[in-house]
Trainee: 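Structure incoming, see below.
Values in this document were obtained by computation on a predicted structure and should not be read as measured data. FYI, the numbering just counts along the sequence from 1.
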Amino acid sequence: MPRKSTHSIPTDQSSLCLQYLRRCGGSARLCSIKFSLGVIQTLVNQKLVKINNTGAGFFVELEDAK
């Protein structure tokens with residue numbers, strides 16, 4: 001029987017999410033992102049992205065984008 005991986009979130013998904021945000025100009029609506037919330041939470045914990053509530057929805061923004 002195959003063993004389950006101890007890594008719940010592959011690092012390649014995090015890097016793909018960062019690439020997606022860079023291609024979108026540094027921010028994207030949270031509801032339009034097709035990455036799992038676990039990947040987004042990992043990036044928030046690593047302080048690579050931040051979540052902003054603009055009143056019109058939640059946006060995921062790159063931390064270094066100004």
Side-chain angles (χ1 to χ4, degrees):
M1 191 160 157
R3 298 182 79 172
K4 288 188 177 182
S5 174
T6 57
H7 302 284
S8 61
I9 302 164
T11 56
D12 59 330
Q13 291 293 313
S14 296
S15 63
L16 287 175
C17 185
L18 288 173
Q19 287 177 5
Y20 174 78
L21 288 171
R22 286 185 191 111
R23 278 186 269 133
C24 290
S27 69
R29 289 182 70 99
L30 184 60
C31 64
S32 69
I33 295 179
K34 300 301 180 198
F35 294 96
S36 71
L37 292 179
V39 169
I40 295 169
Q41 183 64 50
T42 299
L43 294 173
V44 169
N45 290 346
Q46 294 174 353
K47 297 187 186 328
L48 297 174
V49 299
K50 59 184 174 182
I51 307 294
N52 284 333
N53 183 358
T54 62
F58 289 92
F59 283 80
V60 179
E61 296 180 350
L62 291 173
E63 192 65 43
D64 56 1
K66 302 222 178 192

Trainee: Are L18 and L16 in one and the same hydrophobic cluster, where Ile, Leu, Val, Met, Phe, Trp and Tyr link if side-chain heavy atoms are under 4.5 Å apart?
Mentor: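 Shared cluster, yes.
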
Trainee: Do V44 and F35 sit in one hydrophobic cluster, given that two such residues count as connected whenever their side-chain heavy atoms are within less than 4.5 Å of each other, even indirectly?
Mentor: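 Yes, it is one cluster - the side chains of V44 and F35 are joined through contacts under 4.5 Å.
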
Trainee: Atom CZ of R29 and atom OG1 of T54: how far apart are they, to the nearest 0.5 Å?
Mentor: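 Output value for this atom pair is 7.0 Å.
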
Trainee: Provide the closest heavy-atom pair for V39 versus S14 in the form atom of the first, atom of the second, distance.
Mentor: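 Minimum heavy-atom contact is CG1-CA, 3.8 Å.
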
Trainee: Side chain to side chain contact (heavy atoms under 4.5 Å, CB included) with L30: which residues, sequence neighbours excluded?
Mentor: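 For L30 the side chain to side chain contact (heavy atoms under 4.5 Å, CB included) partners, ignoring immediate neighbours, are I40, F58, V60.
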
Trainee: What heavy-atom pair brings S27 and E61 nearest, and what distance separates the two atoms?
Mentor: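 The pair with the smallest heavy-atom distance is CB-CG, 3.4 Å.
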
Trainee: Considering all heavy atoms of both residues, which atom of S32 and which atom of Y20 are nearest to each other, and what is their separation?
Mentor: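 Minimum heavy-atom separation between S32 and Y20: O-OH, 4.1 Å.
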
Trainee: Rounded to the nearest 0.5 Å, how far apart are SG of C24 and CG of L62?
Mentor: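 Rounded to the nearest 0.5 Å, the SG-CG separation comes to 9.5 Å.
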
Trainee: Just jot down the side-chain hydrogen bond (donor to acceptor under 3.5 Å, both in side chains) partners of N53, sequence neighbours excluded, or say none.
Mentor: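 Applying side-chain hydrogen bond (donor to acceptor under 3.5 Å, both in side chains) to N53 gives none.
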
